[in-house]
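The chain is numbered in sequence order, starting from 1.
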Amino acid sequence: MKKIFVLNGSRRKEGNTASFIRKITGNLDKATFAVEYAYPQDYNIKFCDGDHNCFIDVEHDSGDDLEKLQNKILESDVFIVGSPVYVHSMTSDLKLFIERSAWWAHTLRLGGKPVVVISTCGSNGLKTVTEPLSEIMTFMGGNVIANANAVEVLNHFNNEIWLKEVTDTIVERIKKFAQLPPMSNKFLEGVFNGSKLNILEQLEVQKEMGVDLGELAYWQKTGMINFDTFEDYLTTLHRK
């Protein structure tokens with residue numbers, strides 16, 4: 001059984017974003033895929049206080065539901081993340097989770113996991129959520145296999161031809177990548193190279209100042225620091 005975890009940044013469990021996502025997940029074989037949905041009101045996530053401790057002590061107990069939500073994502077085989085477009089951006093709830101998980105963007109924490117990015121809008125904002133959210137997921141180590149936006153004024157939600165074409169494509173990609181080991185791509189390789197340079201600088205700082213840096217410790221603990229490409233790292237993990 002493959003696990004699909006859905007994080008919908010909307011608080012409307014019967015809203016357009018939820019409806020669009022369920023058009024996708026509803027076409028997955030229930031004998032093969034177990035789907036779990038999460039909404040902001042389901043988890044207590046504290047606001048970021050800007051003290052940068054999440055970069056230094058990446059495994060500290062935040063006293064809220066952040067780690068619980070993070071583990072749901074990490075334990076999934078495919079991660080679907082979505083949001084309605086609010087003022088040409090994602091919801092503040094989804095942005096809060098991303099801010100509190102900022103260290104993932106320096107450690108490629110998603111580890112090549114297949115990610116689907118979804119958004120919905122009334123009229124404007126066709127790419128103002130899907131593009132930055134896809135970029136963020138890539139920086140966090142996710143292999144973005146599809147992204148799509150549905151527009152209310154174009155009647156996408158009632159256009160069965162449009163819905164079928166888009167959802168069928170995404171479903172086929174989910175079915176394909178759920179059966180494959182985590183994978184890299186050219187964008188992830190760029191992120192890996194840039195992140196590794198930063199981590200090597202952290203290594204020098206640690207030697208000079210004697211401070212423990214959580215992101216560096218993660219790269220060392222996983223052995224990722226010893227690889228020249230993200231693809232080689234993921235391949236080695238899969239072989240183990």
Side-chain angles (χ1 to χ4, degrees), residues 1-11 13 17-18 21 25 28 32-49 51-83 90-118 133-134 136-145 174 177-184 188 191 195 213-224 230 233-234 236-238 240:
M1 182 73 75
K2 296 296 182 179
K3 296 180 181 177
I4 311 290
F5 187 74
V6 179
L7 178 58
N8 182 351
S10 173
R11 289 179 172 261
K13 293 188 176 184
T17 307
I21 290 173
T25 56
L28 293 170
T32 305
F33 295 94
V35 184
E36 181 176 352
Y37 302 90
Y39 299 85
Q41 59 267 41
D42 299 335
Y43 294 86
N44 172 35
I45 307 295
K46 295 179 180 178
F47 285 99
C48 177
D49 57 16
D51 63 6
H52 293 171
N53 282 338
C54 65
F55 300 115
I56 299 171
D57 181 12
V58 298
E59 296 181 350
H60 76 288
D61 184 359
S62 57
D64 59 8
D65 294 332
L66 178 64
E67 186 176 354
K68 178 181 177 182
L69 179 54
Q70 289 175 332
N71 286 336
K72 291 280 189 180
I73 295 169
L74 295 175
E75 291 165 2
S76 67
D77 295 292
V78 178
F79 177 40
I80 299 177
V81 57
S83 173
M90 68 190 78
T91 64
S92 57
D93 286 305
L94 182 55
K95 185 65 163 58
L96 173 60
F97 168 75
I98 289 171
E99 288 178 357
R100 289 290 311 284
S101 304
W103 72 274
W104 281 18
H106 301 152
T107 56
L108 292 92
R109 188 66 181 89
L110 291 175
K113 185 186 302 295
V115 178
V116 175
V117 175
I118 296 296
L133 190 51
S134 293
I136 290 168
M137 291 297 108
T138 300
F139 270 97
M140 289 185 167
N143 177 24
V144 178
I145 60 172
I174 290 174
F177 284 92
Q179 304 300 326
L180 297 172
M183 298 173 63
S184 184
L188 281 169
V191 171
S195 297
L213 301 172
E215 294 174 346
L216 170 61
Y218 178 83
W219 276 71
Q220 292 172 322
K221 181 177 70 173
T222 61
M224 191 160 57
F230 194 48
Y233 167 69
L234 293 176
T236 301
L237 279 185
H238 178 61
K240 290 181 179 179

For [X] and [Y], work out which heavy atoms get closest and say how close.
X	Y	value
L188	T138	CD2-O, 3.2 Å
I73	K113	O-CE, 3.2 Å
I45	D65	CD1-C, 3.7 Å
M137	V115	CG-CG1, 3.8 Å
S195	A105	OG-O, 4.2 Å
N143	G112	CB-O, 3.5 Å

Intermediate values then yes/no, salt bridge (Lys or Arg N to Asp or Glu O under 4.0 Å), R100 and D64: CA-CA 11 Å; R100 289 290 311 284; D64 59 8; 2.8 Å; yes
Criterion side-chain contact (heavy atoms from CB on, under 4.5 Å) against N8, the qualifying member of I118, T17, L94: T17
Could you tell me the separation between the [atom1] atom of [X] and the [atom2] atom of [Y], rounded to the nearest 0.5 Å?
X	Y	atom1	atom2	answer
H238	L180	NE2	CG	9.0 Å
L69	E67	CG	CD	11.0 Å
L96	M90	CG	CE	12.0 Å
D77	Q179	CG	CD	8.5 Å
F47	S92	CZ	OG	7.0 Å
I174	T25	CD1	OG1	8.0 Å

Can you find a heavy atom in the side chain of [X] that is under 4.5 Å from one in the side chain of [Y]?
X	Y	result
F97	D93	no
V116	F79	no
T107	W219	yes
V35	Y37	yes
P181	L234	no

K13/D42 under salt bridge (Lys or Arg N to Asp or Glu O under 4.0 Å): CA gap, chis, key distance, verdict: CA-CA 11 Å; K13 293 188 176 184; D42 299 335; 3.1 Å; yes
Intermediate values then yes/no, side-chain contact (heavy atoms from CB on, under 4.5 Å), L74 and R109: CA-CA 8 Å; L74 295 175; R109 188 66 181 89; 3.4 Å; yes
Could you list the residues that satisfy side-chain hydrogen bond (donor to acceptor under 3.5 Å, both in side chains) with [X], not counting sequence neighbours?
X	answer
K68	none
Y43	none
S184	E189

Criterion ring-ring contact (aromatic ring centres under 6.0 Å, His included) on W104 and F139, from CA distance to verdict: CA-CA 8 Å; W104 281 18; F139 270 97; over 10 Å; no
Intermediate values then yes/no, side-chain contact (heavy atoms from CB on, under 4.5 Å), E75 and F5: CA-CA 9 Å; E75 291 165 2; F5 187 74; over 6 Å; no
N/O donor-acceptor pair under 3.5 Å between Q41 side chain and R11 backbone: yes
Side-chain donor/acceptor of S10 to backbone N/O of S83, under 3.5 Å: no
Exceeds 12 heavy-atom contacts within 6.0 angstrom, atom NZ of K2: yes
Electrostatic pair K72:E36 at N-O distance under 4.0 angstrom: yes
